[in-house]
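Since we're looking at a predicted model, the values are computed, not measured. Whatever order the structure lists ligands and atoms in, that order sets their numbers, starting from 1. Below, all heavy atoms of this structure are taken into account, side chains as well, without hydrogens, waters or symmetry copies.
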Amino acid sequence: MGRPRLLVVSMSLPVTAKRVGEESWSFTMSPGGLVSALLGLKEFETKWIGWPGVDVHDAVGKKTLSVALAEKGCIPVFLEEVCDQYYNGYCNNILWPIFHYLGTPPEYRNDATITYQSQYDAYKKANQIFFDVVKEHYEDGDVVWCHDYHVMLLPQYLKEYNSKMKVGWFLHTPFPSSEMYKTLPSRSDLLRSVLAADLVGFHTYDFARHFVNACMCILGIEATSEGVVDQGKVTQVAVFPIGIEPERFINTSALSEVIQYMEKFKNDFGGRKLILGVDRLDTIKGIPQKYQAFEKFLEENEDWRGKVMLLQIAVPTRNGIGEYQKIKDQCHGLVGRINGRFGSISAVPIIHLDCSIDFNQLCALYAITDVLLVTSLRDGMNLVSSEFVACQKAEKGVLILSEFAGAGQSLGAGALLVNPWNIKEVSTAIGEALNMSPEEKERKHNINFQYVKTHSTQQWADDFMNKLIEITTNAELQAGNVPHELPEHDVIQQYSKSNNRLLVLGFYGALTQPMKNQERRGDGLNLELHHQLKERLKALCSDPKTTVVVLSRSEKSVLDKNFGEYNMWLAAENGMFLRHTSGEWVTKITEHMNLEWIDGVKHVFKYFTERTPGSYFETSEASLVWNYEHADAEFGKAQARDILQHLWAGPISNASVDVVRGGQSVEVHAVGLTKGSAMERILGDIVRNKSMTTPIDYLLCIGCFLGKDEDVYTFFEPEVTKKTKSVPSSGGDSPKKVSSTIIDLKGENYFSVAIGQTYTKARYFLDSSDDVVQLIHKLCTNNNA
Ligand SMILES: O=P(O)(O)OC[C@H]1O[C@H](O[C@H]2O[C@H](CO)[C@@H](O)[C@H](O)[C@H]2O)[C@H](O)[C@@H](O)[C@@H]1O
Ligand SMILES: O=c1ccn([C@@H]2O[C@H](COP(=O)(O)OP(=O)(O)O)[C@@H](O)[C@H]2O)c(=O)[nH]1
């Protein structure tokens with residue numbers, strides 16, 4: 001199968017257009033890492049959809065520009081009157097500062113003419129315009145890859161239009177901690193829209209974790225190992241650290257023109273050591289902090305004065321925003337002061353250039369640089385550091401890298417990591433870098449060079465695209481598996497025909513009073529058997545051909561109370577304890593299962609229960625659950641978030657546990673405590689105890705289970721059971737092979753049923769426990785008829 005066509009959608013096109021005549025246009029490359037990165041996408045047939053960097057109001061202009069861009073594989077999005085409020089306003093003055101931990105700029109608090117709402121409206125409108133363009137160019141099978149915070153509403157618009165579209169969203173900036181993100185007024189809309197995508201990607205695990213946390217805290221939805229589940233829809237969240245196109249830099253820095261530049265620059269700099277900075281002149285790049293650190297270094301290292309210089313390429317960006325004007329003035333002021341203090345007639349210590357530079361010159365500078373100084377206060381990745389590493393020549397330079405850049409995680413091992421806010425620390429790092437031995441420089445460089453060479457943009461794009469295609473293909477397969485209405489007739493007929501039936505029943509939601517009628521007991525869920533079930537269950541369990549197991553998260557006493565009188569198996573705490581109602585409880589907790597974390601977790605749950613009216617927690621021997629379904633929803637969510645933070649920081653930081661964030665609950669349990677894994681543990685006991693001589697030839701599994709527990713449905717899938725099943729022997733941990741004849745399911749005699757869920761691994765669904773009651777009734781009566 002060929003690769004799908006790729007529609008890349010980003011705010012800016014890789015080229016910025018300039019009108020040079022009624023019908024003619026010139027183009028320059030747009031600045032910034034996103035453009036550099038995506039230019040490396042060579043393996044895909046790609047169309048790039050974005051803003052051409054210029055407002056065009058006339059039809060002739062739009063047409064001629066579209067034609068000129070088409071030759072470059074680009075499709076323009078004309079934003080016209082919304083552009084300023086959208087790009088300068090909402091994107092770069094609200095989202096950008098919040099995503100980079102700068103918070104909302106003060107003008108939103110002080111100036112009544114700047115309104116958040118009008119800028120958000122422009123953001124919505126602009127996303128709608130992007131959507132219209134994608135819609136116009138989309139062909140079946142295309143992958144739509146949305147980039148960055150400018151198009152957070154686009155995934156939802158696309159999926160609402162065509163749910164089959166393969167949609168990915170990647171964020172090039174940091175995603176902040178939920179504490180910062182939640183200050184954003186439109187926080188929920190944006191999250192929900194992004195979750196419409198099939199795959200959401202970030203540069204680092206921190207950003208991905210923050211995003212998942214924000215979804216849990218703000219939307220109150222469940223996180224699983226795969227990603228985030230919202231109303232049954234799974235959005236995968238994954239980490240894809242971006243790279244550069246190393247060959248482009250390596251090859252360019254070997255060009256004779258570049259070598260000439262290198263000689264020229266060295267000559268110009270008069271033998272002084274070169275510290276280089278290459279950044280857009282952005283508030284987040286920490287350029288003033290860089291200057292202050294360099295000033296401190298010169299202050300404290302008299303010997304180095306006149307022997308070292310700092311060249312800062314400050315690429316102009318976002319000139320329409322006040323904060324960017326201010327930072328420019330601030331930098332100019334600092335440079336003036338420092339040059340005044342430490343300059344001489346022949347040389348100044350800092351050269352600050354408000355311009356972008358030609359690519360060959362950039363590579364030449366990277367190649368002769370002694371120290372690259374990156375002091376970003378926050379940065380999604382920072383490609384400049386990788387580019388520097390790729391261009392380094394004979395005398396290896398040293399990378400000083402902010403720990404707040406995503407690159408810190410990838411290149412930290414070969415860099416001097418610094419906190420850019422700590423001027424003294426950066427100044428010391430400058431000294432360390434300048435005095436570093438050639439061997440140490442070489443060692444550090446080799447580590448980073450190896451990384452940069454093997455983690456290319458192409459690799460990054462391949463990884464993202466492969467994952468997206470895998471997810472969407474699986475989703476298509478899964479789509480054929482959406483649960484059907486239970487074929488009651490078949491369920492009953494197969495039941496009558498069979499000789500050795502196993503019924504695995506959940507308790508909560510499946511055998512309890514229907515949830516809508518449930519009365520609050522104050523201290524927890526009303527785990528009370530459905531009133532109409534009692535007689536029917538008795539009849540069901542008394543049939544010698546039928547084995548009934550209630551497999552529940554509930555503790556032993558709850559199952560004893562509700563089911564003690566029936567002839568059945570009880571598997572409490574998700575199979576940690578098992579008993580036939582005629583016998584004693586047997587523990588399935590193995591000796592090596594460490595449960596020392598329980599008390600600490602209980603302590604945290606108790607604390608929050610006392611402070612969250614309406615919440616409660618349940619403790620059992622290998623799991624605890626804190627539930628806030630009867631508490632104030634917003635407050636409950638906030639408390640759940642705090643609980644998680646406390647737990648991770650303390651009682652479970654080193655424990656072998658799974659944490660499950662349910663819709664309105666937080667559950668902590670020993671690793672592997674799912675209903676599917678429980679079946680592994682208990683099936684052998686049940687089979688042996690009953691001395692079954694004929695294989696189980698009918699299986700009905702009904703539950704209202706958490707996502708993680710749905711593995712019990714797949715456990716019994718006939719495809720699986722065709723093979724020999726491994727069932728633990730009664731006494732120990734070592735699996736004993738049990739003949740495949742123990743379970744003989746062919747497909748028509750296996751029914752997995754989810755209650756009230758249409759996104760499930762079960763084959764069928766029923767609406768409520770009332771339906772379960774009816775079904776059990778029919779099974780008994782038809783069987784006896
Ligand atoms: O187009 P501008 O508004 O001038 O901004 C330029 C780009 O800046 C941001 O780049 C980010 O992407 C880089 C590559 O992933 C990453 O290394 C860097 O840390 C980020 O800041 C922004 O996210 C892009 O949308 C802009 O185009
Ligand atoms: O005059 C210049 C100097 C540099 N760059 C490029 O701008 C990008 C900056 O990317 P980075 O990830 O470091 O930060 P961003 O600007 O995207 O926040 C790098 O690829 C640089 O090569 C540029 O476009 N023009």
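- Every atom of ligand 2 with a heavy atom of E387 under 4.0 Å away is listed here by number and element: 19 (C), 20 (O), 21 (C), 22 (O).
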**OP:** Report the C-alpha distance between S186 and Y90 in whole Å, list the side-chain angles of each, state the deciding distance to 0.1 Å, and finish with yes or no for side-chain hydrogen bond (donor to acceptor under 3.5 Å, both in side chains).
**Re:** CA-CA 11 Å; S186 45; Y90 196 75; 2.4 Å; yes
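- Donor-acceptor pairing under 3.5 Å is recorded for the side chains of S385 and N382.
- Of the polar atoms of G380, at least one N or O is found under 3.5 Å from an N or O of ligand 1, judged by distance alone.
- Proximity to R280 (heavy-atom distance under 4.0 Å) selects the following atoms of ligand 1: 5 (O), 6 (C), 8 (O), 9 (C).
- In summary, D189 and R192 do not engage in a salt bridge, as defined by a charged side-chain N under 4.0 Å from a carboxylate O.
- Ligand-side atoms of ligand 2 in range of N382: 12 (O), 13 (O), range being under 4.0 angstrom from any heavy atom.
- Counting the atoms of ligand 1 from 1 in the order shown, those under 4.0 Å from a heavy atom of Y87 are 1 (O), 2 (P), 3 (O), 4 (O).
- Near T317, meaning under 4.0 Å from any of its heavy atoms, are these atoms of ligand 1: 4 (O).
- Taking 4.0 Å as the cut-off between side-chain N and carboxylate O, K62 and E80 count as a salt-bridged pair.
- Proximity of a side-chain donor or acceptor of T252 to a complementary backbone N or O of F249 within less than 3.5 Å is not detected.
- The closest side-chain donor-acceptor pair between Q459 and D463 falls under 3.5 angstrom.
- Within the listing of ligand 1, atoms 23 (O) sit less than 4.0 angstrom from a heavy atom of T173.
- Note: no N/O pair closer than 3.5 Å links C355 and ligand 2 by distance alone.
- A side-chain donor-acceptor contact under 3.5 Å links N92 and Y149.
- Formation of a donor-acceptor pair under 3.5 Å by the T115 side chain with backbone atoms of S118 is found in this model.
- The shortest N or O to N or O distance between D379 and ligand 1 is below 3.5 Å.
- Close contacts of ligand 1 with D148, meaning ligand atoms under 4.0 Å from a residue heavy atom, involve 22 (C), 23 (O), 24 (C), 25 (O).
- Counting heavy atoms closer than 4.0 Å to ligand 1, residue R318 contributes side-chain atoms (C-beta onward) but none from N, CA, C or O.
- Checked against a 3.5 angstrom limit, the closest N/O atoms of N382 and ligand 1 fall inside it.
- Proximity annotation for atom 3 (C) of ligand 2: of V315, D282, I284, V315 comes nearest, heavy atoms only.
- Of the possible donor and acceptor atoms, none in the side chain of H445 sits under 3.5 Å from a partner among the backbone N and O of K441.
- Note: no N/O pair closer than 3.5 Å links L362 and ligand 2 by distance alone.
- No heavy atom of H147 sits closer than 4.0 Å to any atom of ligand 1.
- Under the 3.5 Å distance criterion, with hydrogens and angles disregarded, a donor-acceptor pair is assigned to the side chains of Q312 and D279.
- Contact annotation: for H203 versus ligand 1, heavy atoms closer than 4.0 Å belong to the side chain alone.
- Distance CZ/F294 to CD1/I430: 6.5 Å, rounded to 0.5 Å.
- Within the structure, salt bridge (Lys or Arg N to Asp or Glu O under 4.0 Å) contacts touching residues 313-336 (residues at least two apart or in different chains) are D282-R318, E323-K326.
- The pair K47-D142 fails the salt-bridge criterion, with no side-chain N (NZ, NE, NH1 or NH2) lying under 4.0 Å from an Asp/Glu carboxylate O.
- Note: no N/O pair closer than 3.5 Å links W96 and ligand 1 by distance alone.
- D198 places no side-chain N or O within donor-acceptor distance of the main-chain N or O of T472, the cut-off being under 3.5 Å.
- When only interatomic distances are considered, the shortest N/O to N/O separation between M381 and ligand 1 falls below 3.5 Å.
- With ligand atoms numbered from 1 in the order given, ligand 2 contributes 15 (P), 16 (O), 18 (O) to contacts under 4.0 Å with heavy atoms of R280.
- Below 3.5 Å of separation, one finds no N or O of Y149 facing any N or O of ligand 1.
- In this structure, K285 counts as a contact residue of ligand 2, since one of its heavy atoms falls inside 4.0 Å of the ligand.
- Within the 4.0 Å heavy-atom criterion, neither part of T317 lies near ligand 2.
- Under a 4.0 Å heavy-atom criterion, M381 is not in contact with ligand 2.
- Only the side chain of V278 comes within 4.0 Å of ligand 2, judged by heavy-atom distances.
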